[in-house]
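Some notes on the structure that comes next.
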Amino acid sequence: MPELPEVETIRLNLIYGTKDYPSILGTIILRAVILWDRSLATPAVDKFPSRVEGQALQSIGRRGKYLVLKLTRDFLLIHLRMSGDILIESEDESISVHHRMILYLDNGYRLAFNDPRKFGRVWLVADAGEILSALGPEPLDESLTSIEFHRRITSHHRQLKPLLLDQSFFAGMGNIYTDEALHLALLHPLLKSDQLTLEESDRLLQSIRQVLNEGIKRSGASIDWVYRGGDFQNYFRVYQRTGKPCYRCGNPIVRIVSVQRGTHFCSHCQPLKE
DNA sequence: ACGAGCGCCTGTCGGC
DNA sequence: TGCCGACAGGCGCTCG
């Protein structure tokens, strides 16, 4: 379940706690277990536990879709990819077969990285920049102006959908929120980015911010068996609504494939050319 | 510079 | 009921 709003929801839950578990801020990692070696990008599996144990969780941040845990000496970075999730469990709960890493904390709870498809990755590094420096700006960062966004987007000659999914262009956009933002902005997903007028690129920027903020407000989207507790899936305008009427004009939502990703849009409201 | 294809993985669902 | 293909919230890689 991981696009920016879902990762942000997890971050807030870890910081403030939920009805099921307390905040983990300030806790100390007593013991670490890696259950699937390839989930750990760095360091080597035999070096990880001794290095992470004893460090405190000083802050919990987010950069794009990365969860950034600042520890006493290192940064623990977690990318959930397609099916990853972070669960806080009490120690008497049974351990899921999909758990890939478990950190036992000194408050009686454990942090579990659960990831059925095994695409997710964990990094333990002294310098977070070596992983995060390639990321583009945060879409919700208001210091990105309309003028600067127009300059950036028209500096590429790329289709909008692949460009928005490119994490070096924007950090945090994924398949759902890209489709939703393009529909809200009335722009065709395959429109070339250097065709956008200032008015259109500004509409796109504001649409991106609107759908991301809606997603965060609704605690993200929960789809299929990857469940999180959010309900933004009930407010999709185009995503997974193939053949259903566009809320704006009534024409059926179309599905095409772009960059191997299902892409949903309204060919009437989002024409490729006028 | 750009886009298409593939690989990495497991699980669900619809059609036959 | 079982089998099979399509599909799934991501991204790194190679190849034209």
key: Pair assignment for dC9(B), Watson-Crick or G-U wobble, requiring both distances under 3.5 Å   = none
task = Spell out yes or no: do the side chain of R158(A) and the base of dA1(B) have one donor N/O and one acceptor N/O closer than 3.5 Å?
result = no
request  = Tell me whether the OP1 or OP2 atom of dT10(B) has a side-chain N or O from K118(A) closer than 4.0 Å.
outcome  = yes
ask   = Taking atom P of dG12(C) as reference, at what distance in whole Å does atom CE of M82(A) sit?
value = 14 Å
message = Distance check, P atoms only: dC2(B) and dG9(C), in whole angstrom units.
response = 24 Å
Ring centre gap for Y66(A) and H79(A) strictly below 6.0 Å = yes
key: Spacing between N175(A) atom CG and dG9(C) atom P, to the nearest angstrom   = 5 Å
query = Rounded to the nearest Å, what distance is computed from the CD atom of residue Q260(A) to the P atom of nucleotide dC8(B)?
reply = 15 Å
query = When you check the phosphate oxygens OP1 and OP2 of dG3(B), does a side-chain N or O of K161(A) lie under 4.0 Å from one of them?
reply = no
query = Per the atom types in the model, does the base of dG9(C) pair as donor or acceptor with the side chain of E6(A) at under 3.5 Å?
reply = yes
ask   = Which is true for K192(A) with a 4.0 Å heavy-atom rule: it touches a base, it touches only sugar-phosphate, or it touches nothing?
value = sugar-phosphate
key: Whole angstrom value for the distance that separates C1' of dA1(B) from CZ of F169(A)   = 15 Å
task = May I ask you to establish whether R237(A) and Y247(A) are in a cation-pi arrangement, using a distance under 6.0 Å from NZ or CZ to the six-membered ring centre and at most 45° from the ring axis?
result = no
ask   = Nearest-Å distance, CD1 (I256(A)) to C1' (dG3(B))?
value = 13 Å
ask   = Rounding to the closest angstrom, what is the interatomic distance between dA6(C) and dG5(B) at atom P?
value = 15 Å
inquiry  = Within the 3.5 Å criterion, strictly below it, is a donor on E214(A) or Q210(A) matched to an acceptor on the partner's side chain?
reply    = yes
query = Ring-on-base stacking between F119(A) and dC11(C), under 5.5 Å between centres and under 30° between planes: is it there?
reply = no
task = Remember a base hit wins even if backbone is also touched, and classify R121(A) as base, sugar-phosphate or nothing at under 4.0 Å, heavy atoms.
result = nothing
inquiry  = Output the rounded distance in Å from CZ (R38(A)) to P (dC9(B)).
reply    = 4 Å
inquiry  = Could you check whether E93(A) pairs with R110(A) (Lys NZ or Arg NE/NH1/NH2 to Asp/Glu carboxylate O, under 4.0 Å)?
reply    = no
task = Report yes if some heavy atom in the side chain of Y239(A) is under 4.5 Å from a heavy atom in the side chain of I253(A); otherwise report no.
result = no
query = Which nucleotide, in any strand shown, forms a Watson-Crick or G-U wobble pair with dG9(C), with both distances under 3.5 Å?
reply = none
Among dC9(B), dG9(C), dC11(C), the nucleotide that comes nearest once only the side chain of H79(A) is considered = dC11(C)
remark   = Here the distance between atom P of dA8(C) and atom CD of Q233(A), to the nearest Å, is 16 Å
dC15(C) versus dA1(B) - spacing of their C1' atoms, nearest Å = 14 Å
query = Any side-chain heavy atom of L187(A) within less than 4.5 Å of one from R203(A)?
reply = yes
ask   = Given dG3(B), is OP1 or OP2 found less than 4.0 Å from the side-chain N or O atoms of H157(A)?
value = no
task = Could you state the atom-to-atom distance from CG of L165(A) to P of dA4(B) in whole Å?
result = 12 Å
inquiry  = Checking contacts here: which listed nucleotide (dC9(B), dC6(B), dG9(C)) is nearest the side-chain heavy atoms of R117(A)?
reply    = dC9(B)
message = Looking at R100(A), I'd like to know whether one of its side-chain N or O atoms comes within less than 4.0 Å of OP1 or OP2 on dC9(B).
response = no
request  = Look at all strands and tell whether Y239(A) reaches a base, only sugar-phosphate, or nothing, counting heavy atoms closer than 4.0 Å.
outcome  = sugar-phosphate
Side-chain N or O of Q159(A) closer than 4.0 Å to phosphate OP1/OP2 of dC2(B) = no
